[in-house]
Peer 1: 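Can you read through this structure? Questions will come right after.
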Amino acid sequence: MIGEILADNEILVGTAMLNAVWSKQHNDMLDLILPFVKYAIGRKYKKGDRIEPGEIAACLNEELGYESIPHEVVATMLKRLSPSVLDRKRGEFWLKVGLEKDVKSYSDQRLAMKERHEKVGSALAAYLNEKMPRSRFDAESALDSLLGYFCKNGLLVVKAAKEIDFIKKGQAAQVDYLVGQFILKENEKNSAVFGYMLEMVRGSFVSSAIYLQPNNYSMKSSRFKETTCYLDTRIILNLLELNSEQEYQSSKQLINMLEEMGARIACFQHTVEEVGNIIRASKHSLQNPAFSPSPFGPTLPAWDASGVTLGEIDSFLASLRVRLHRAGIAIEDDPDCPLPQNYPIDENGLSVHLSEEMNYGNEAALRRDVKSVAFVSINRAGRRTPSIEKCKAVFVTSNPKLVEAVEKFLHCRHAESVSPVVLASKLASVVWLKCFATHGDYPKVKLLEDAMVATAPSEEVLSEFYRLVEKMKAKDGISSEEAAAIRSGLFQARELMSSVDGDASRVSEESVEMVTARLRDRYAARERAERDSARAEADRAEAEMAKKKECALRKIDEAGERAKMRVRMTLGIAVKAIWTILFVAATVLVAYACIAQNVGFGAWGIVLLALEIVSVCDVFFGKWKIVDSMIEKCAESFGDKAKDREREQFDFLFE
């Protein structure tokens with residue numbers, strides 16, 4: 001049983017305990033495991049006994065799952081306990097005081113953690129039994145599954161490579177999928193169980209950081225000013241937002257933390273070429289689904305979900321380097337190679353070793369990995385240091401197999417020298433401790449990222465699914481167009497995984513029919529949306545046209561009214577002037593006539609003159625209506641002409 005090999009899952013309890021210590025005191029890294037040391041001493045020794053450092057190291061390895069913590073680290077911690085707890089005589093340590101209280105305090109805390117640990121196991125067991133009715137999970141075996149899941153995602157440091165291999169073989173893909181689903185569901189519920197799992201992960205970050213750099217006592221304060229972090233293809237795809245949102249958030253936060261600590265972020269030219277090849281392969285799969293280079297096509301999750309177009313892919317490719325620059329990633333050419341006698345690594349030997357240790361799908365991928373390791377070694381110029389912050393260059397990858405294989409080839413021991421290749425989750429554990437104040441939530445982000453990756457459509461499920469797609473197409477169960485759309489990834493593959501709970505044996509023709517029905521619904525919904533959008537656009541265009549016409553008519557009427565007013569005013573003034581002149585002339589003539597007839601200007605004469613003037617006014621004012629009517633007709637004529645001229649500017653609206 002996995003639990004027996006890994007001390008019955010005590011590692012999970014130990015890491016949760018380490019998180020409890022870290023949460024109370026963000027001190028020197030080795031101070032964090034002093035409570036573990038006191039517990040180990042108090043459990044095995046009595047006052048006056050001589051302490052055996054090897055036994056203390058074995059206890060720490062058991063509690064925290066380490067392969068072997070360096071004895072010099074144990075010696076350092078024993079020195080910190082002297083002279084208050086230990087006496088040091090001739091290089092040996094003797095227990096000076098009893099540690100019963102420390103052991104009891106530790107045991108009580110551990111018991112509380114154990115109870116939380118068992119609640120997680122019980123909840124996970126119930127979920128696994130519901131999804132896998134033929135299985136019989138109990139709390140312990142469910143925690144075995146959780147432990148294996150954490151180890152495979154790089155969230156825990158386990159004792160030895162052979163145990164990692166054992167876990168990988170013993171964990172079925174379906175169980176990993178269900179564990180990931182369980183984590184996502186508990187997060188959605190914001191449950192106490194999720195909080196307990198998060199405690200385990202946070203503790204594993206602290207545990208990993210201590211294990212990776214046990215002699216780096218200034219880990220919290222030291223910065224990455226001398227280190228360039230070269231990113232692998234997967235992390236770059238995450239940063240370009242081509243995978244899931246959770247993967248983007250996790251990778252982005254990791255890069256932000258590294259930059260805050262002064263690290264330089266870069267990638268090699270051959271990595272950029274690989275990213276471009278993946279994007280082009282995705283385009284080819286979308287363009288030619290029937291001739292996809294793999295059984296299910298090299299599509300990218302973010303584009304599958306959004307329904308990317310070929311034009312958008314071309315635009316993305318054209319701006320790839322600009323996008324990398326905006327993401328803060330420098331692109332570097334191959335470094336200058338030193339003379340053969342000073343070349344820091346055996347490339348041929350590494351190539352053979354990696355090809356034996358790992359299952360590469362093509363030679364190009366093998367060559368790129370060898371190049372990445374070799375270029376980091378060249379940039380280091382043979383420099384060896386146990387500190388990541390001062391190693392000068394490191395290749396950051398999300399592939400634990402590559403890290404394990406390279407470390408095995410180079411015989412790397414973390415206490416002596418940092419490997420040229422570092423697992424992203426392990427690097428994150430170191431940098432998170434430095435940036436805890438600003439990125440305290442990173443372990444949660446990482447936990448959710450791993451859950452999303454674990455629940456992604458598996459090759460086994462998709463291979464069986466596509467086999468049935470071809471079978472049903474041959475029987476006319478589905479159309480060629482539908483089969484092509486399915487092979488292009490134009491369906492929700494996660495829904496397929498959820499419907500079969502990640503079990504390839506449960507994929508059936510009903511699964512294909514379900515996907516096809518949903519695909520049809522999706523197309524129908526898209527057509528409805530397109531129709532609704534077109535209708536809405538037509539309505540908007542019609543309303544906009546009506547508004548423009550209304551505005552045009554208003555402007556035309558205003559132009560006509562302005563013309564009328566000008567004509568009325570001009571003619572009115574002219575007529576009034578003419579009439580004034582005529583009235584004055586008529587009045588003068590009447591007066592002259594009266595004078596010529598020797599009419600006296602007595603009272604009677606004045607009356608006659610007034611009557612004559614009134615008669616003249618009557619003549620003029622009697623004709624005013626006729627004149628006013630003529631002015632109005634003239635104004636109307638000019639107004640109509642002004643409207644016609646203004647209307648010519650808006651003819652396009654009334655065609």
Peer 1: Is the shortest side-chain N to carboxylate O distance from Lys444 to Glu449 below 4.0 Å?
Peer 2: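 Glu449 and Lys444: not salt-bridged.
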Peer 1: With sequence neighbours excluded, what pairs up with Lys46 under the side chain to side chain contact (heavy atoms under 4.5 Å, CB included) test?
Peer 2: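 Counting only residues at least two positions away or on another chain, Lys46 forms a side chain to side chain contact (heavy atoms under 4.5 Å, CB included) with Asp49.
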Peer 1: Using a 4.5 Å cut-off on heavy atoms from C-beta on, say whether the side chain of Arg234 contacts that of Thr397.
Peer 2: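 No, their side chains stay 4.5 Å or more apart.
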Peer 1: Is any side-chain heavy atom of Leu258 closer than 4.5 Å to one of Thr227?
Peer 2: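 A side-chain contact is absent here, since even the closest heavy-atom pair is not under 4.5 Å.
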Peer 1: Could you work out, with side chain to side chain contact (heavy atoms under 4.5 Å, CB included) as the rule, every residue matching Gln253, not counting sequence neighbours?
Peer 2: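 Counting only residues at least two positions away or on another chain, Gln253 forms a side chain to side chain contact (heavy atoms under 4.5 Å, CB included) with His439, Asp441, Tyr442, Val445.
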Peer 1: Just to verify, what does Glu356 make a side chain to side chain contact (heavy atoms under 4.5 Å, CB included) with, not counting sequence neighbours?
Peer 2: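 Only Val352 meet the side chain to side chain contact (heavy atoms under 4.5 Å, CB included) criterion with Glu356.
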Peer 1: Quick one: list whatever passes side chain to side chain donor-acceptor pair (under 3.5 Å) with Ser498, sequence neighbours left out.
Peer 2: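 Scan of Ser498 (side chain to side chain donor-acceptor pair (under 3.5 Å), adjacent residues dropped) gives none.
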Peer 1: Can you tell me how far the NZ atom of Lys152 sits from the CG atom of Leu147, to the nearest 0.5 Å?
Peer 2: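 Taking NZ in Lys152 and CG in Leu147, the distance rounds to 11.0 Å.
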Peer 1: Please identify each residue that fulfils side chain to side chain donor-acceptor pair (under 3.5 Å) with Thr271, with sequence neighbours left out.
Peer 2: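 Here no residue qualifies.
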Peer 1: Would you please name every residue forming a side chain to side chain donor-acceptor pair (under 3.5 Å) with Glu357, sequence neighbours left out?
Peer 2: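 Applying side chain to side chain donor-acceptor pair (under 3.5 Å) to Glu357 gives Lys408.
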Peer 1: Hey, can you pull the donor-acceptor pairs under 3.5 Å for the side chains in residues 119-128, sequence neighbours left out?
Peer 2:
from	atom 1	to	atom 2	distance (Å)
Ser122	OG	Glu118	O	3.0

Peer 1: Salt bridge or not between Lys471 and Glu509? Use side-chain N to carboxylate O under 4.0 Å.
Peer 2: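 Yes.
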Peer 1: Run the side chain to side chain contact (heavy atoms under 4.5 Å, CB included) test against Met514 and tell me which residues pass, sequence neighbours left out.
Peer 2: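 Side chain to side chain contact (heavy atoms under 4.5 Å, CB included) check on Met514 returns Ser499, Arg518.
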Peer 1: Check ring pair (Phe, Tyr, Trp, His ring centres under 6.0 Å) between Phe194 and all other residues, then give those that pass, not counting sequence neighbours.
Peer 2: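 Once residues adjacent in sequence are excluded, Phe194 has no partner under the ring pair (Phe, Tyr, Trp, His ring centres under 6.0 Å) criterion.
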Peer 1: For Arg50 and Tyr45, run side chain to side chain contact (heavy atoms under 4.5 Å, CB included): C-alpha distance rounded to whole Å, both residues' side-chain angles, the deciding distance at 0.1 Å, then the answer.
Peer 2: CA-CA 8 Å; Arg50 183 174 63 85; Tyr45 301 102; over 6 Å; no
Peer 1: Looking at Leu237, Leu231, Thr233, which one forms a side chain to side chain contact (heavy atoms under 4.5 Å, CB included) with Ile235?
Peer 2: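 Answer after filtering Leu237, Leu231, Thr233: Leu231.
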Peer 1: How long is the span from the CZ atom in Arg110 to the CG atom in Asp108, to the nearest 0.5 Å?
Peer 2: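 Rounded to the nearest 0.5 Å, the CZ-CG separation comes to 12.5 Å.
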Peer 1: Name all residues meeting the ring pair (Phe, Tyr, Trp, His ring centres under 6.0 Å) criterion together with Tyr39; count only those two or more places apart in sequence or in a different chain, and write none if there are none.
Peer 2: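 So Tyr39 forms a ring pair (Phe, Tyr, Trp, His ring centres under 6.0 Å) with Tyr106.
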Peer 1: Would you call Glu404 and Lys401 a salt bridge, taking side-chain N to carboxylate O under 4.0 Å as the test?
Peer 2: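 Looking at Glu404 and Lys401, the cut-off is not met.
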Peer 1: With sequence neighbours excluded, give me every side chain to side chain donor-acceptor pair (under 3.5 Å) pair touching residues 180-203.
Peer 2: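 Those involving residues 180-203 are Asn19-Arg202, Arg116-Glu199, Tyr177-Gln181, Glu186-Lys189, Glu186-Ser191.
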Peer 1: For the pair Asp501 (side chain) and Asp503 (backbone), establish whether a donor and an acceptor sit closer than 3.5 Å, ignoring hydrogens and angles.
Peer 2: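 No, because the side chain of Asp501 does not come within donor-acceptor range (under 3.5 Å) of the backbone of Asp503.
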Peer 1: Ser244: what forms a side chain to side chain donor-acceptor pair (under 3.5 Å) with it, not counting sequence neighbours?
Peer 2: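 Listed in chain order: Glu247.
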